[in-house]
Amino acid sequence: MSRSEAGSPPHLKGQDPRGKERFNEDRATTTVKGSAQPDLEAGVTAIREVVRTLKPTPGVYRMTDARGDVLYVGKARSLKARVANYTQVKALTNRLQRMVAQTRAMEIVTTNSEAEALLMEAQFIKRFRPPYNVLLRDDKSFPFILLRDGHDFPRIMKHRGARRAKGAYYGPFASAGSVNTTINALQKLFLLRSCTDSFFSRRDRPCLLYQIKRCSAPCVGRIDTDGYADLMQEAKDFLGGKSGAVQARIEQQMQKASDDLDFETAAMLRDRLRAATFIQGSQAVNAEGVGDADVFALARKGGHIVIQGFFVRGGQNWGHRAFFPRQTQDVDDADVLARVLAQFYEEVPPPRHVLVDRDMPDQEVLEEAFSALAERKVAISVPQRGERRRLMEQASRNAVEALERRLAETGTQAKIMREMAEFLELGDIPQRIEVYDNSHIQGAKAVGAMVVAGPEGYIKNQYRKFNIKSAQTNDDFGMMREVMERRFTRAMKDDPDREKAGVWPDLVLIDGGKGQMSSVRDTLGELGIEDVPLIAIAKGPHHGREGREVFHFPDGREKTLPVNSPVLFYLQRLRDEVHRFAIGAHRAKRSRAITASPLDEIPGIGPARKRALLLHFGTAGKVRAAGLEDLQRAPGVSAAVAQRIYDFYHTSG
């Protein structure tokens, strides 16, 4: 079987997502089907069939169940030896025995080295999210500061996602808040522009940022290209770890301006110096002398694990974040840390130094893999003394504190979830809660919204919006019927047997009263779905009074909660979240409609011709009323295009 048939991502065919050569073409894949009988012996038989075809070469293996879903992804220095271990049932933990019992096939990809296998393993884990792998559960990407190239006056901006744009990237920052604060201070310090190129090109006078001394106004010639290039280089030096030299240079310039009695320039340089001091003083962790390094410390308590990460670049602390990996039962702490780091650096470029609080298995393989990603030497070490040891101790303290906070919050949340399940008469704590609402203005631009929550919070990558198509104006019940029909028709198509996690909800909450409940209940009944728990949340007789919500059940019963009930507060937050999401989707739809033009409907009329027509005639209405000869006189409009526009408005009669 070819790699593509084995389910490998397309970017693994010789390249990784960053465009770097990572894997060569000389690898093979193997898939061997075993018995469909759901027992341990059937799983062992399927694995033994695979072992017979394997060689002692490095690679990645994927275990799949009878439906083809990936159960586990692993890498090995010797595939034959590693996979054969799963046939020794008595030596396996209970967790691994359950995994083997579910295994009905294996897919094998050979690589040239164990480091390549490690990188491929991390990519597969990210893609398939297997239930038996340690998972780095973090849906948010890390923000970076980007100094763009390709312009006489490059801009400074926040950047998330793939690093395709040309320029210098600095990060990762732990949060959007930390990167925004740093960018604001850098604008004060280096007066770099943050506006888009289109905004920049339209300016004929300085904007507000120039007035408040956060931009040097290159758009109107207040600084030349050489002067701006000097500011840009200073910014790169500062972000690259040469902040002391930059500050000393600014101090010298300020002193010279003061000696020359140029007090206005001296005051401006003084403000820039204060901005530099602010950036360094706002760091919660002093990382001077550490250089470029990420610091990771692990803490475990009560079956829960946290990994605290500090991100240091150029001796400056750019924030910290706590990671709570999943599925860590029966996995050694050092192994958990190694697997989390492999997945973490699949998204983030590794620094020169990765500091950890313990020795890890395959540490040399990790170093080799990270060095290949960074295209330079990356060292992993356990600091023993000096500033790095002090920083590690601080990370360890933060890890313990983060885990204690998590356990306290989890205990409280678990209690709320249990009480909610009891109040709503559910059989068990819901793992997937779907909340629905509609948003429109007198039926116009109607949008349905679905948000998803679980015991650990909102699952934002599962949010969905529905553009209402068939419901009549102002028919809230019809809109809800349409949303439910589309949502659950799709669920029945994707998972008719209800075997896949994350497809069917354990609870459906509807923002509304008896009418909305009847609409949803009847719609699901027509689809033959009668076992999905439904609850409608209405604000009660006094809509302006919070805490008087009435909960409507499918059988017509109504229940309320005390105004100070934590369960009520939790359900209110769910309702408010779907309301926020629905309004945001509706406003976005309205904004697109406001900026739309009737000229957009004419085939073959692009942005340039549309702009030329509007500049020539003034309005879209005048374009519609124009004669053929008038259209031909518009700049950039040929006779054929003019005929097309004229026919579009006049042929239909």
Side-chain angles (χ1 to χ4, degrees), residues 18-20 140-151 153-196 214-216 228-247 249-250 272 275-296 309-321 344-355 370 373-378 391:
R18 301 172 184 82
K20 301 174 185 175
K140 297 180 180 178
S141 61
F142 285 81
F144 286 73
I145 288 177
L146 170 59
L147 301 180
R148 288 290 300 267
D149 286 344
H151 195 283
F153 301 100
R155 64 182 293 209
I156 184 173
M157 58 186 292
K158 179 175 68 175
H159 179 85
R160 285 187 186 269
R163 291 175 288 279
R164 298 190 184 95
K166 292 183 179 180
Y169 292 87
Y170 299 91
F173 287 81
S175 65
S178 60
V179 76
N180 289 337
T181 300
T182 303
I183 285 178
N184 287 337
L186 289 172
Q187 286 180 278
K188 294 179 183 177
L189 177 53
F190 300 112
L191 308 178
L192 302 178
R193 74 175 183 96
S194 59
C195 58
T196 63
R214 289 192 183 181
C215 182
S216 53
Y228 194 87
D230 290 341
L231 293 177
M232 180 62 70
Q233 187 58 52
E234 286 184 347
K236 291 179 178 180
D237 290 344
F238 189 90
L239 291 169
K242 301 177 182 178
S243 56
V246 173
Q247 286 180 280
R249 196 154 55 240
I250 295 175
R272 291 180 59 192
T277 304
F278 170 81
I279 294 175
Q280 295 176 328
S282 63
Q283 297 170 1
V285 177
N286 179 17
E288 186 177 357
V290 176
D292 291 349
D294 288 341
V295 184
F296 295 96
F310 286 171
F311 311 115
V312 180
R313 297 296 182 272
Q316 302 176 35
N317 174 47
W318 285 356
H320 54 89
R321 184 183 292 187
F344 176 76
Y345 288 117
E346 174 61 25
E347 291 287 341
V348 176
R352 295 185 180 278
H353 300 281
V354 177
L355 308 180
F370 297 162
L373 285 174
E375 297 183 336
R376 53 171 163 71
K377 177 65 176 176
V378 174
L391 192 58

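Sequence positions, counted from 1, serve as the residue numbers for this chain. No hydrogens, no waters, no symmetry mates; every other heavy atom, side chains included, goes into these values. All values reported here derive from a predicted model rather than from experimental measurement.
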- Query: Between His320 and Phe310, what is the shortest heavy-atom contact and its length?
  - Reply: CB-CD2, 2.9 Å
- Can you find a pair of side-chain heavy atoms, one from Pro154 and one from Leu147, that are under 4.5 Å apart? no
- Item | Nearest non-hydrogen partners of Ala168 and Lys236, listed with the distance | CB-CE, 4.4 Å
- Task: Taking side chain to side chain donor-acceptor pair (under 3.5 Å) as the test, write out the residues that go with Ser216, two or more places apart.
- Result: none
- Note on the structure: Applying side chain to side chain contact (heavy atoms under 4.5 Å, CB included) to Ala229 and not counting sequence neighbours gives none
- Message: Restricting to ring pair (Phe, Tyr, Trp, His ring centres under 6.0 Å), what partner residues turn up for His353, sequence neighbours left out?
- Response: none
- Message: For Met157 versus Ile183, what's the shortest heavy-atom pair and its separation?
- Response: C-CD1, 3.8 Å
- Answer yes or no: is there a side-chain heavy-atom contact under 4.5 Å between Lys158 and Phe173? no
- Message: Can you list everything that forms a side chain to side chain contact (heavy atoms under 4.5 Å, CB included) with Arg376? Sequence neighbours excluded, please.
- Response: Arg352, Ala374, Val378
- Query: Partners of Tyr228 by ring pair (Phe, Tyr, Trp, His ring centres under 6.0 Å), sequence neighbours excluded?
  - Reply: Phe153
- Interatomic spacing from CD1 in Ile145 to OG1 in Thr182 - rounded to 0.5 Å: 5.0 Å
- Item | Spatial distance of atom CZ (Arg214) from atom CD1 (Ile156) [nearest 0.5 Å] | 12.0 Å
- Closest approach of Pro172 to Phe144 (non-hydrogen atoms, all atoms of both residues): N-CE2, 3.7 Å
- Item | Counterpart residues, ring pair (Phe, Tyr, Trp, His ring centres under 6.0 Å), relative to Tyr170 (two or more places apart) | none
- With a 4.5 Å heavy-atom cut-off, do Arg313 and Asp294 have their side chains touching? yes
- Message: Measuring only between side-chain heavy atoms, which start at C-beta, is Tyr345 closer than 4.5 Å to Pro351?
- Response: yes
- Message: Angle between ring planes, Phe344 versus Phe311, binned at 30° and 60°: parallel, tilted or perpendicular?
- Response: parallel
- Item | Side chains of Thr196 and Arg155 in contact at under 4.5 Å (non-hydrogen atoms) | yes
- Contacts of Asp230 meeting side chain to side chain contact (heavy atoms under 4.5 Å, CB included) (sequence neighbours excluded), chain-then-number -> none
- Just jot down the side chain to side chain contact (heavy atoms under 4.5 Å, CB included) partners of Lys166, sequence neighbours excluded, or say none. Asp149
